[in-house]
S.K.: 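My questions all concern the structure below.
Only this structure's heavy atoms are used, side chains among them; waters, hydrogens and symmetry mates stay out. Here is the naming used below: chain letters follow the sequence lines, and residue numbers restart at 1 for every chain.
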Amino acid sequence: MAIIVDRKSLGFWEKLYLPAVLGGLKVTMRHAWRSLFKGGQVTMEYPEQRWTLPDGYRGAPYLVRDQEGSTKCVSCQLCEFVCPPKAIKITPPGPNGLPADRKNAEKMPEEFEINMLRCIYCGLCQEVCPEEAIFLQKDYSLTGLSRGELIYNKEKLLALGGTVGGIQKWKHKLEEAKTQEQFPVNV
Amino acid sequence: MESLNSLLDGTLVSTGLFYLFATFTLVCAALVVANPFSRNPVTSAMFLVLAIISMAGLFLLLHAFFLAAVQILVYAGAVIVLFLFVIMLLEIKEELRRRINLFGFFAGILSVGLIVRLFIDCLHQSPATSAANPSIEGDTAPLGKLLFTQFVLPFEVVSVLLLVAMVGVIFLSSRDSKPRISAPSSGTEPGVGKESTAVPQSTAPTTASTQTKH
Amino acid sequence: MNVGLEQFLTVSFLLFALGLLGVIMRRNLLVIYMSLELMLNAANLALVSFSRFNNKLDGQVVVFFIITVAAAEVAVGLALIVALFRKRPTAHVEDLATLKL
Amino acid sequence: MNNISILTYIAGIPIFVALLLLLVPSNYRVIFRAVSVLAAFVSMILAVGMFCHFNQAQVDSEGFRFVQDVPWVGSLGISYHVGVDGINVGLILMGAIVAFAATLCSWEIKNREKEFYILLLLMSGGILGAFASLDLFFFYFLHELALVPTFIMIGVWGRGERKNYATFQITLYLSIGALIALLGLIALYLQSGANTFDIPKLIDVIKANPLPVNVQNFIFPFLLFGFGILVSLWPFHSWAPLGYGVAPAPTAMLHSGVLKKFGLYGLIRLAVPLLPQAMHHWMMAIAWLAIGNILYNGWVAMRQRDLNLLIGNSSVAHMGFIFLGIASLNLIGLSGAVLIMVAHGFLAALSFALSGFIYQKTGTLEISELGGLCRKLPFVGTLLLMAAMAGCGLPGFANFVGEVTVFFGVWSVPALHFIVTLALWGGLIIGAVYMTRAIRNVLHGPLPSEFAQISGSTSLWRKIPYALLLASLLLFGCVPSLLTDKINPDAARLTASAQTRKTGPTLVAMAQAAPLKSPLGN
Amino acid sequence: MNSSSITLEICVIALGMVLMLADFFVAPDRKRYLAYAGIVALAGLLLVSFSGDGVCSIFGASFSGSFVEDPMALFFKRLFIGSAILVLFLAAEFSDRFASGLNEYYSLVVFALAGMLFAASANDFVMLFVSIELITITFYVLTSFQKNRLASLEAAVKYLILGALASAFMVFGIALIWGTSGELNFNGLAQVSGQFVNNKLFLAGCLFVLVGLGFKIAAFPFQVWAPDVYQGAPTPTTAFLAIGSKAAGFVLLLRVLFVAIPAVTHHWVHLLMALSAITILYGNLCAMPQRNLKRMLGYSSIAHAGYLLLGVAALNSSGQAAVMYYLAGYLFTVTAAFFVIALVLRHVPDENVSGLAGLNHRSPLLATTMTISMVSLAGIPPLAGFFGKFLLLKAIIEQGPAHHGYYLLAFIALVGVIISISYYFNVIRAIYWTRDPADLSPITVSGPARFSIAICVAGIFWLGLFPESVLNFAMSAASAIK
Amino acid sequence: MDWNFIIFTLVKIVAVLGLLHTIAGYAVLAERKISAWIQDRVGPNRTAPPFIKYVPVLGTLLTRWGIFQPAADGLKFMLKEDFTPAGVRKIYFWLAPAVSVIPSILVVAVLPFGSYLGHQKMVIADLNVGILYTFGIVSLGVYGIVLAGYAANSKYPMFGGIRSSAQMISYEISMGMSVIPVFLIAGSLNLTQIINWQAQHGWLFFYAPLSLIIFLVASFAETNRTPFDLPEAETELVGGYHTEYSSMKFALFFLAEYSNMTASAGMMVTLFFGGWSLPVFGLDHPATTLVAGIAHILIFLVKVCILMTLFIWVRWMFPRFRYDQLMDLGWRTFIPLALVNILITALFLWIRS
């Protein structure tokens with residue numbers, strides 16, 4: 001049930017609008033004055049000044065390596081599956097492909113491409129990755145002169161992504177299991 | 001101003017301008033009426049604008065400066081814009097080429113022919129009333145003086161006319177939210193209350209209900 | 001080669017005849033109405049040229065009235081056409097056949 | 001002379017009462033019957049009184065009595081001017097009597113009586129006024145006032161399937177006639193240059209400076225054919241039998257008896273004094289047309305199967321005699337014409353009243369279906385027989401006097417001898433044939449079984465109109481001098497002026513001497 | 001002199017504005033009473049115009065000769081006010097059939113009246129044009145006032161197109177007349193018009209002005225709008241169109257023809273006669289087969305325009321007086337007829353003659369009124385229509401000796417009358433003797449309607465029986481324009 | 001043949017046209033700058049030709065001010081792909097931008113942009129009916145927009161076109177009526193004489209402030225500027241009448257808008273703020289010297305610039321009107337107000353005389 005509130009009828013000066021108009025002009029003029037002469041501008045002069053990015057900022061997704069410098073990705077294609085704009089394209093190695101370059105991994109992607117023109121920086125790939133092989137990093141200024149240039153391949157992604165921590169996934173899984181034990185399941 | 005006038009009165013220039021404007025006016029008018037390439041009302045309207053503007057040029061040649069301005073202001077600025085507005089509002093499509101009404105066609109040609117004939121006769125016979133050296137200037141001040149002295153009564157009547165036109169237009173274009181009188185349930189009586197001749201239930205309920213189709 | 005009254009009158013007459021032709025031959029209400037404006041303008045032209053060559057301003061005053069009245073007439077007329085269009089979406093005169101014998 | 005004339009009362013009372021009746025609610029049938037009968041009765045009594053006092057009344061300079069003259073539209077010279085002379089006194093008397101009889105006969109009307117009585121009274125008042133009027137405009141105006149109710153009465157209360165057609169035809173014909181006459185009248189008014197509609201003044205003016213012959217010849221056809229259509233002059237007569245055939249009895253009585261005489265009266269009153277040369281010019285044409293009336297309609301009457309149509313046709317035929325009388329343009333002929341007009345008024349009214357009675361009793365007027373009514377309806381049978389005799393022109397009835405006078409009058413014009421012979425044949429032989437045939441078929445012979453239950457008994461009240469009409473017929477048949485005395489001087493004046501200008505001024509004295517002779521002098 | 005001479009007009013315009021502004025103060029269900037307020041005010045003005053205390057009785061020209069007050073103007077002004085009063089009565093009865101805008105309707109009627117009043121006094125071409133346009137434009141709106149009804153709008157559009165065409169012609173005519181003669185004022189033109197009888201430019205101008213005026217009165221070649229518009233327009237509008245608009249056309253026609261360009265008029269007598277004859281015949285013949293009452297009256301109004309043109313073609317003052325008298329009679333007659341149509345045919349969408357069936361059972365008053373009005377239209381005594389036709393015929397025949405064509409004209413007029421009798425009596429027949437009337441429910445007639453019907457009927461009889469006063473007035477009016 | 005007259009007129013035409021376009025271009029820059037300041041931003045401050053950074057201080061400054069931005073914009077418009085959507089009415093689609101630009105340029109013909117320079121009047125055509133001419137030409141401006149809306153064969157431009165036609169007609173009335181008091185007071189329709197009058201009696205703004213307000217608001221509506229930019233309302237109609245346009249055609253609409261703005265600012269200066277006159281330093285007499293003449297032109301330009309700043313300022317302050325509010329304001333507020341204004345002025349003049 002909607003509540004209908006009667007609109008307040010306007011007073012004489014309000015009906016005349018002029019005070020409001022002048023008031024508006026005053027406000028805008030104040031802003032202009034401030035930004036002109038008092039440095040009140042909030043604009044950041046971008047290439048020279050840079051924004052300090054907050055924690056948890058979701059920039060471009062890159063592939064990362066572990067401490068040994070080997071590829072974390074195992075080509076499970078979960079991220080490809082989950083990617084809303086279908087920006088990720090993984091080519092698995094196939095029976096005759098390259099073996100994984102690290103232990104405890106059966107394979108690594110033959111090719112891994114992210115179309116940065118498509119990517120929406122949602123972070124789902126990061127979340128879904130069982131190997132913690134892909135991370136959204138604080139990179140936002142992706143430019144290029146052609147469309148093809150913005151399709152990042154595995155090498156580029158790995159190069160940009162760098163190394164993030166060690167293999168933490170077991171630690172995380174352990175924590176998860178603990179919370180589940182503690183959690184009363186008595187529904 | 002003076003130099004402008006002298007320019008206008010220069011025989012060669014004014015003659016040339018006259019033929020330019022006259023031809024342009026007539027060609028545009030002809031294209032309003034019968035455009036071989038398009039039967040689009042917008043095209044007609046646009047050519048009408050051109051005709052009006054070049055007619056204003058003719059007015060200038062006749063030293064009717066005020067009227068030239070008013071001509072453009074009223075016709076081009078308001079009247080034809082209204083036309084365009086209506087055409088766009090109603091989305092009037094191009095006129096279909098229907099079967100030509102032969103009778104109408106020939107009657108039209110005939111009557112126009114007769115009138116042209118009449119005009120030709122008139123022109124042949126018209127006496128040279130033209131003054132030797134026309135000297136009037138259609139400026140605002142003398143026109144205004146005339147308007148408010150000799151023609152003040154028609155002026156006032158025109159004001160009433162404009163009021164009437166305004167009332168009429170507002171009435172015609174206002175949409176009624178709902179008819180003031182609800183029509184009697186027309187489901188049972190197909191013939192009654194089809195149009196707005198709806199029966200007021202308050203005043204004549206009996207006649208409405210007893211009326212049946214025989 | 002000098003331009004006199006006759007030349008202006010000729011233009012005016014031709015304009016009038018053209019307008020009349022349009023009124024008679026065209027089938028679109030709006031175009032008919034435009035042709036009517038042409039006819040009125042022919043009268044305006046005649047009046048202005050007479051006024052110039054008669055050395056009297058009266059004619060121009062009449063033109064003033066004609067323009068005013070024509071504007072009012074157009075306003076009412078277009079409102080009417082719009083109102084009619086709402087009831088029957090056509091601007092074609094031959095479709096206006098409700099009123100017949 | 002601006003005291004109110006008795007004529008105003010005669011014509012005015014019915015109209016006044018008609019307007020009064022508008023106020024009476026339509027379910028008070030007794031009241032408006034009684035009131036209208038009373039009004040017609042008063043009007044008749046006044047007319048009789050006027051007739052009796054005619055000789056004693058004061059005569060004005062133009063020879064009219066009971067004159068009243070009230071200006072009406074000064075700018076056009078229209079005035080309310082009434083008065084009587086010998087020409088119209090009989091007509092007014094006849095009109096008033098017929099109106100009274102018609103009002104009495106209206107008992108046969110059973111629906112919408114109020115409207116009927118109002119229209120009837122309007123009609124009677126209008127026609128009496130028209131006869132009394134001495135102003136062209138009122139003359140025409142009051143006639144139209146009487147004419148319009150006729151259409152409505154026939155249309156609403158008429159009988160038979162052809163009602164609508166007949167109404168349409170009668171309306172159209174009579175309107176055309178009236179309008180053509182109107183044209184003629186206006187032309188007359190304008191040509192005189194007198195700027196007056198007053199008939200006596202008009203006559204004076206035209207006497208002083210007669211109209212040129214070509215103008216007369218131009219105007220006369222308008223009057224002749226305009227009035228002629230109103231009078232059912234052959235060949236413009238077809239509305240009459242048809243209309244009377246469907247009309248309710250009172251309407252038929254009033255119209256055929258009185259209203260129809262208007263055209264003839266107009267010719268006598270206007271054309272004879274104002275357009276004498278045109279009269280002469282057109283004399284033969286009128287006479288031939290009259291013969292058309294007499295012979296053609298007599299022949300048509302013989303072929304009729306409907307009693308009303310028969311009477312209607314015979315009434316049309318009788319008009320021929322009157323036209324003949326007028327065409328003769330001499331004193332005797334004119335007197336005879338006026339006499340027939342009066343007589344035929346009574347006769348036609350009586351005939352239509354009787355046929356109405358029969359229709360009311362039997363529900364049919366087909367002659368072949370009727371028969372033997374004399375036994376069942378002795379009173380009516382007798383009257384019908386009498387009427388037929390009068391129609392045949394037997395002596396003792398007023399018609400006889402008139403017809404004989406007309407024949408004498410016409411015979412005195414050598415050019416018309418042949419026509420008179422034809423007319424005699426037509427009038428007497430053909431008339432006798434169809435009348436006797438009708439009488440035989442209606443009154444005698446076997447009585448059809450469906451009429452066995454008819455009761456002939458009627459109250460005295462209902463016999464009054466028939467008796468009255470028959471009595472009048474007999475009265476004027478036996479004592480025609482009652483009328484001729486009054487007619488002759490004025491007819492003489494009319495013919496004198498006509499003769500004067502026909503032959504030119506040299507013969508004035510002779511022509512003036514002539515009128516005093518009368519074939520039936522007293 | 002100047003502003004006091006238009007007191008009447010000013011009052012009427014003020015009344016129109018008051019009626020319009022009353023929208024703010026009057027509840028929607030009471031708006032129809034505004035009509036009665038308007039009636040009272042107009043009746044007051046009518047009385048004032050009769051009182052002769054200087055409001056309209058100072059004769060003479062004012063506003064530099066563009067406005068003239070003379071007996072003819074006065075005659076027509078009274079006629080117009082009277083017709084507006086009756087139309088307002090009719091509109092009040094009709095009000096339940098307007099979806100909205102009652103007060104606008106009333107005020108537009110009053111504004112149209114103002115235009116007519118100006119037209120009655122117009123004495124130059126500018127006033128003529130302006131006042132005629134005021135009337136016409138108002139009528140565009142009045143015609144379309146039932147804007148939920150297609151017929152009404154269609155009629156208005158047709159009226160609009162043809163009306164605009166007519167005004168284009170008229171304007172061009174004015175241009176030519178002024179161009180050749182240099183005079184806009186009628187009196188001024190009268191002095192010079194004689195010189196231009198052979199100037200084709202001038203004659204063409206006169207012809208075009210006649211076209212424009214012929215449209216207003218629905219004379220023959222410009223009559224095409226009349227039936228459609230009469231049929232489609234709301235009944236009060238139709239009534240006003242039949243009277244006011246036509247009378248305004250005639251007053252201007254009389255002024256132009258007899259004041260401004262008498263020489264040309266005499267030059268053109270044959271044209272006028274032919275127009276009149278054709279109009280009479282056309283109107284009457286086309287009216288015969290009509291089933292729709294209003295359409296029939298539309299054609300009949302064309303015929304009546306023809307009769308009225310007789311008076312113009314007569315070229316004499318008795319003809320002009322006859323025109324005025326006839327118009328006065330026509331006012332009451334036609335209004336009465338439209339009253340009946342509005343009251344009886346309110347439930348019948350097609351407004352056919354057959355809708356009148358059994359009217360004498362349903363409402364004897366209305367039946368009688370319709371009968372009287374039809375009889376008067378047909379020109380049968382003792383009603384107003386007869387006397388008017390009588391005067392017209394008289395005027396025509398008066399000219400007969402000068403030109404025998406007049407006799408032919410009179411004869412054609414008679415033929416017209418006779419034709420007209422057939423269709424007028426068709427209406428009467430439908431009222432009284434239709435076999436099985438569909439609907440016999442009684443019709444209640446409201447008090448004001450009774451009152452106004454009584455006025456109409458009284459007027460019909462009065463003009464038929466006591467023509468003296470009005471006729472004298474008309475004659476003095478006619479003599480004023482000579 | 002007065003060749004002198006023709007040549008000087010041609011020169012004036014060229015000069016005024018150049019100036020007008022420049023002003024229009026820089027008005028865009030001003031718009032961007034001012035909007036930036038009002039919104040606490042910086043505005044365009046980068047665009048510059050490559051060599052400019054080698055100019056010491058001035059180069060940086062000019063770059064920061066964005067002086068080269070209009071040139072870059074213009075270049076961009078010219079080089080962009082001129083895309084004609086399918087199904088447009090070609091002729092009108094091509095014609096519309098031109099039709100909208102031409103009147104906006106023609107208007108300035110009667111504006112006196114200075115007193116005298118030498119012996120030349122600083123006005124292209126000194127018409128006695130100057131203001132009427134202006135209104136006439138301005139009223140033609142609507143055709144460009146209407147045609148653009150009609151030609152695009154797309155619903156949003158169509159709406160824009162319809163809106164604009166009704167809006168411009170409506171506000172023309174109040175605009176026209178608002179200036180009548182000015183003529184009543186000044187006694188002439190000739191713009192030069194009006195300025196002369198003001199030079200003698202003081203600015204008309206003080207005599208008829210209400211006229212100025214109405215004129216100002218109406219010219220906002222006439223130029224389709226916020227708060228009356230209904231025809232191009234981005235949030236509702238994408239881009240209104242010019243939605244389907246690109247490249248130079250689009251630029252022409254922009255040019256027309258800013259030329260119109262300039263012209264109406266010029267008109268306001270002429271009518272209300274004394275035109276080229278300034279009541280100090282004897283600058284209120286028609287110039288006799290070259291310096292004074294140039295000063296007058298500069299004064300005029302400065303006044304115009306100030307008013308244009310106002311236009312821009314207002315744009316960044318007001319929300320857009322709703323369409324019914326727009327019409328309501330025009331018809332039910334400003335027209336009566338203008339009438340009352342005329343009445344009061346006339347009464348005042350009548351009493352004083």
S.K.: Against chain C, work out which of E:V126, E:I174, E:I161 has the most heavy-atom pairs shorter than 4.5 Å and name it.
M.R.: E:I161
S.K.: With a 4.5 angstrom heavy-atom cut-off, which part of C:S49 approaches chain E: side chain, backbone, both or neither?
M.R.: neither
S.K.: Is chain E contacted by the side chain of C:L47, its backbone, both, or neither, given a heavy-atom distance below 4.5 Å?
M.R.: both
S.K.: Is there a ring pair (Phe, Tyr, Trp, His ring centres under 6.0 Å) between E:F240 and E:F338 once you walk through the steps?
M.R.: CA-CA 10 Å; E:F240 208 26; E:F338 282 114; over 10 Å; no
S.K.: If we only count heavy atoms from C-beta on, is the E:L153 to C:F85 side-chain gap below 4.5 Å?
M.R.: no
S.K.: Check each atom of C:F16 against the heavy atoms of chain E and say whether the ones under 4.5 Å are side chain, backbone, both or neither.
M.R.: side chain
S.K.: Under a 4.5 Å heavy-atom cut-off, does chain C meet the side chain of E:L134, its backbone, both or neither?
M.R.: neither
S.K.: Where on E:F125 is there a heavy atom nearer than 4.5 Å to chain C: the side chain, the backbone, both, or neither?
M.R.: neither
S.K.: So for E:V130, is it side chain, backbone, both, or neither that comes closer than 4.5 Å to the heavy atoms of chain C?
M.R.: side chain
S.K.: If the plane angle is over 60° it's perpendicular, under 30° parallel, otherwise tilted; pick one for E:F145 and E:Y105.
M.R.: perpendicular
S.K.: Where on E:F129 is there a heavy atom nearer than 4.5 Å to chain C: the side chain, the backbone, both, or neither?
M.R.: side chain
S.K.: Between C:V23 and chain E, with a heavy-atom cut-off of 4.5 Å, which part of the residue counts as in contact: side chain, backbone, both or neither?
M.R.: side chain
S.K.: Which of these, E:F208, E:F139, E:Y159, E:F169, sits in a ring-ring contact (aromatic ring centres under 6.0 Å, His included) with E:F215?
M.R.: E:Y159
S.K.: Side chains of E:K147 and E:S152: do they bring a donor and an acceptor to under 3.5 Å?
M.R.: no
S.K.: Counting only heavy atoms not in E:Q191 (residues, nucleotides, ligands), do more than 12 fall under 6.0 Å from its CD?
M.R.: no
